Trainee: 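Please find one structure pasted underneath; my questions will follow.
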Amino acid sequence: MSGCPARYDDALGYWVVDDPALVREVLLDPQTFRPDNAVLAHTPLSVKALRVLSGVGFALPPTLANNAGESHRPIRAAVARFFSPARVAAVEPLTRELNAARVTAASKALADGQEVDLVQAIAAEPPALVVLHLLGLTNVDVPALKAWSLDSLELFWGWPDEDRQLELAHSAAEFYAWLRARTTAARKAPGDDLFGVLVGLGLTDEEVCAVGYFLLIAGQETTTQLISTAFQRSLTASAPPADPTRSVEQVLREASSVPTWRRVTAHRTTIGTTELPARAPVLLGLTGHNGPADLAFGLGIHRCLGAGLARLETRVALESTTDLLISARLVEDPPMIDLLSFRAPARLVVTSTAV
């Protein structure tokens, strides 16, 4: 490899790689730079938190993001069918409908002199409703899914103390119990939804739940965060974006909702001119380093299956809110979701400039 070497960050505990060319090479070599640590808790879990998780049989065996073995290909192929280009294109009308209803309600509230949080009012639910539609899942408590998702991201990529870990672990356990119930139901009456397809592959309950756990988070919460970041940049820009498609690509290059991702070395190796020992944890910078927009979704066998969907949903959200964003202003500096691998505004409270 050539280019800027990795640097060890004592505070984070990772070898950090920001050079896009080196990041690309690492992602394209999953045998040397394995994904084994991709979904491990960044902050080691306390005994109390682990006890809560073990109470529901919580387990995340290698399936998708953390799998470099032979089982990865069939699992990925089965899930990828839900996100084919044709299926993604077909949900654009639904995406527009969901956004339009929320933009209309938010615009009315602003016109009435109310403050509106654009994250909750517009960005939060459409990605969840769309991905559930694509996966064939019905009777899902969307507010609960959103809460589970945020809690799980903090549990696995945040810096929670032991008390906070315990709260988050109870939330994650509740989510996992729901996944187990859906898996059990799919075994009794297999269908063509996500759980039916995974059960049909011959996966264990733990494998089915592991796929569902992070797919149902990554398939919608990261898109909500991407949309929220796009909204924030539009609100703080000197002029509204002329081309929503280009705006989406710019956000992906400069400030994606998934700015980093993890790998671990399988053996002694080098990155640039830096030698790394075996089992060295590596943190890859995916965005904000003059790299291509596609790097935000990863590369190679673990590239994000929902890349096309996230682009479509963010573009539609920007197109749907053009007039609203022009006539709104932030009333505070947005508090941020600021985790190891996830960053976005937690809320975007705005008021109308016409009131």
Side-chain angles (χ1 to χ4, degrees), residues 1-9 12-40 42 62-69 72-73 75-77 79-80 83 85 157 214 218-219 222-223 225-226 229-230 245-311 314 339-344:
M1 291 183 177
S2 62
C4 297
R7 67 184 191 282
Y8 189 75
D9 188 309
L12 290 175
Y14 293 89
W15 292 89
V16 177
V17 182
D18 289 331
D19 182 277
L22 295 178
V23 170
R24 178 184 179 86
E25 291 185 42
V26 169
L27 289 172
L28 292 176
D29 186 0
Q31 296 309 312
T32 300
F33 300 96
R34 295 185 58 83
D36 304 359
N37 63 342
V39 299
L40 295 180
H42 169 59
T63 52
L64 286 174
N66 62 341
N67 190 0
H72 177 262
R73 186 182 295 274
I75 296 173
R76 181 178 173 89
V79 173
F83 298 96
W157 282 274
F214 282 110
T222 56
T223 304
Q225 294 179 16
L226 183 63
T229 300
T245 298
R246 290 183 61 184
S247 295
V248 173
E249 296 307 298
Q250 186 173 4
V251 172
L252 289 170
R253 284 193 303 272
E254 299 175 359
S256 171
S257 55
V258 187
T260 68
W261 206 243
R262 291 180 286 181
R263 287 291 183 266
V264 61
T265 57
H267 49 75
R268 182 182 295 274
T269 188
T270 60
I271 296 180
T273 57
T274 305
E275 290 191 6
L276 272 65
R279 307 305 299 170
V282 177
L283 188 67
L284 305 171
L286 304 182
T287 186
H289 306 288
N290 298 314
D294 263 356
L295 203 57
F297 294 110
L299 293 171
I301 65 171
H302 294 102
R303 184 175 187 272
C304 175
L305 289 168
L309 179 62
R311 281 187 160 103
T314 307
L339 309 175
L340 180 70
S341 292
F342 301 92
R343 180 174 173 79

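Sequence positions, counted from 1, serve as the residue numbers for this chain. Given the structure is predicted, the values throughout are model-derived calculations rather than measurements.
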Trainee: For a quick test of reading the model, state the closest non-hydrogen atom pair linking P281 to G13 and the distance between them.
Mentor: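 So the two residues come closest at CG-O, 3.3 Å.
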Trainee: Specify the closest pair of heavy atoms between T222 and S257, including all atoms of both residues, with the distance to one decimal.
Mentor: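 Taking T222 first and S257 second, the nearest heavy atoms are O-OG, 2.9 Å.
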Trainee: Would you say the side chain of W15 lies within less than 4.5 Å of the side chain of L283, judging by non-hydrogen atoms?
Mentor: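 Sidechains of W15 and L283: no contact.
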Trainee: What distance separates T314 OG1 from L226 CG, expressed to the nearest 0.5 Å?
Mentor: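 Output value for this atom pair is 3.5 Å.
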Trainee: Among residues two or more places apart or on two chains, list those pairs meeting salt bridge (charged side-chain N to carboxylate O under 4.0 Å, His left out) that have a residue in residues 278-293.
Mentor: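 For residues 278-293, and leaving out neighbouring residues, the salt bridge (charged side-chain N to carboxylate O under 4.0 Å, His left out) pairs sorted by first residue read D36-R279.
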Trainee: Using a 4.5 Å cut-off on heavy atoms from C-beta on, say whether the side chain of T223 contacts that of L309.
Mentor: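 No, side chains not in contact.
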Trainee: List for me each residue that meets ring-ring contact (aromatic ring centres under 6.0 Å, His included) alongside H72, sequence neighbours excluded, and say none if there are none.
Mentor: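 Here the qualifying residues are H302.
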Trainee: Tell me, do L284 and L27 make a side-chain contact under 4.5 Å, heavy atoms counted?
Mentor: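 They are in side-chain contact.
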Trainee: Rounded to the nearest 0.5 Å, how far apart are OG1 of T274 and OH of Y8?
Mentor: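 Going from OG1 on T274 over to OH on Y8, the span is 14.0 Å.
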Trainee: Which residue pairs pass the salt bridge (charged side-chain N to carboxylate O under 4.0 Å, His left out) test when at least one of the two sits in residues 289-311, sequence neighbours left out?
Mentor: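 Salt bridge (charged side-chain N to carboxylate O under 4.0 Å, His left out) check on residues 289-311 returns E249-R311, D294-R303, D294-R311.
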Trainee: What residues, two or more places apart in sequence or in another chain, satisfy ring-ring contact (aromatic ring centres under 6.0 Å, His included) together with F214?
Mentor: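 For F214, the residues satisfying ring-ring contact (aromatic ring centres under 6.0 Å, His included) (neighbours in sequence not counted) are F156, W157.
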Trainee: Between A80 and L305, what is the shortest heavy-atom contact and its length?
Mentor: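 Smallest interatomic distance, heavy atoms only, reads CB-CD2, 3.7 Å.
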Trainee: Can you tell me if R262 uses its side chain to pair, donor with acceptor, with the backbone of L340 under 3.5 Å?
Mentor: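 Looks like no, no N/O pair under 3.5 Å.
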Trainee: Write down the atom of P35, the atom of P30, and the distance for their closest heavy-atom approach.
Mentor: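 Closest approach of P35 to P30, heavy atoms only: CD-O, 4.1 Å.
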Trainee: Rounded at 0.5 Å granularity, tell me how far OG1 in T229 sits from CG in L252.
Mentor: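 So the OG1 of T229 and the CG of L252 are separated by 10.0 Å.
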Trainee: Side-chain contact, heavy-atom cut-off 4.5 Å: R76 with I301?
Mentor: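 No, side chains not in contact.
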Trainee: Does the side chain of T270 come within less than 4.5 Å of T273's, by heavy atoms?
Mentor: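 No, side chains not in contact.
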Trainee: Under the criterion side-chain contact (heavy atoms from CB on, under 4.5 Å), I'd like the reasoning laid out for V258 against F342: C-alpha separation, chi angles, the key distance, then a yes or no.
Mentor: CA-CA 5 Å; V258 187; F342 301 92; 4.0 Å; yes
Trainee: At what distance, to the nearest 0.5 angstrom, does CD1 of I271 lie from CG of D19?
Mentor: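 Here the interatomic distance stands at 10.5 Å.
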Trainee: Under the rule for side-chain hydrogen bond (donor to acceptor under 3.5 Å, both in side chains), what residues qualify as partners of S247, not counting sequence neighbours?
Mentor: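 Partners of S247 under the side-chain hydrogen bond (donor to acceptor under 3.5 Å, both in side chains) test: none.
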Trainee: Looking only at atom types and distance, does a side-chain atom of T287 sit under 3.5 Å from a main-chain N or O of S256, one as donor and one as acceptor?
Mentor: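 At least one qualifying donor-acceptor pair exists.
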Trainee: Can you check whether V79 reaches L64 side chain to side chain, under 4.5 Å on heavy atoms?
Mentor: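 Result yes, sub-4.5 Å side-chain heavy-atom pair found.
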Trainee: In Å, rounded to the nearest 0.5 Å, how long is the span from CG of N37 to CH2 of W261?
Mentor: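 So the gap between those two atoms works out to 10.0 Å.
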Trainee: Only one of V23, D18, T260 clears side chain to side chain contact (heavy atoms under 4.5 Å, CB included) with L286; which?
Mentor: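 In the set V23, D18, T260, the residue that makes a side chain to side chain contact (heavy atoms under 4.5 Å, CB included) with L286 is V23.
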Trainee: Among H289, E254, R343, find the one that has a side chain to side chain contact (heavy atoms under 4.5 Å, CB included) with P259.
Mentor: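 The passing option is R343.
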Trainee: How would you list, by chain and number, every residue that makes a salt bridge (Lys or Arg N to Asp or Glu O under 4.0 Å) with R246, sequence neighbours excluded?
Mentor: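 None.
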Trainee: Rounded to the nearest 0.5 Å, what separates atom NE2 in H267 from atom OG1 in T265?
Mentor: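 Result: 8.0 Å between the selected atoms.
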Trainee: Are side-chain heavy atoms of R253 and P292 found at a separation under 4.5 Å?
Mentor: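 They are not in contact (no side-chain heavy atoms under 4.5 Å apart), so the answer is no.
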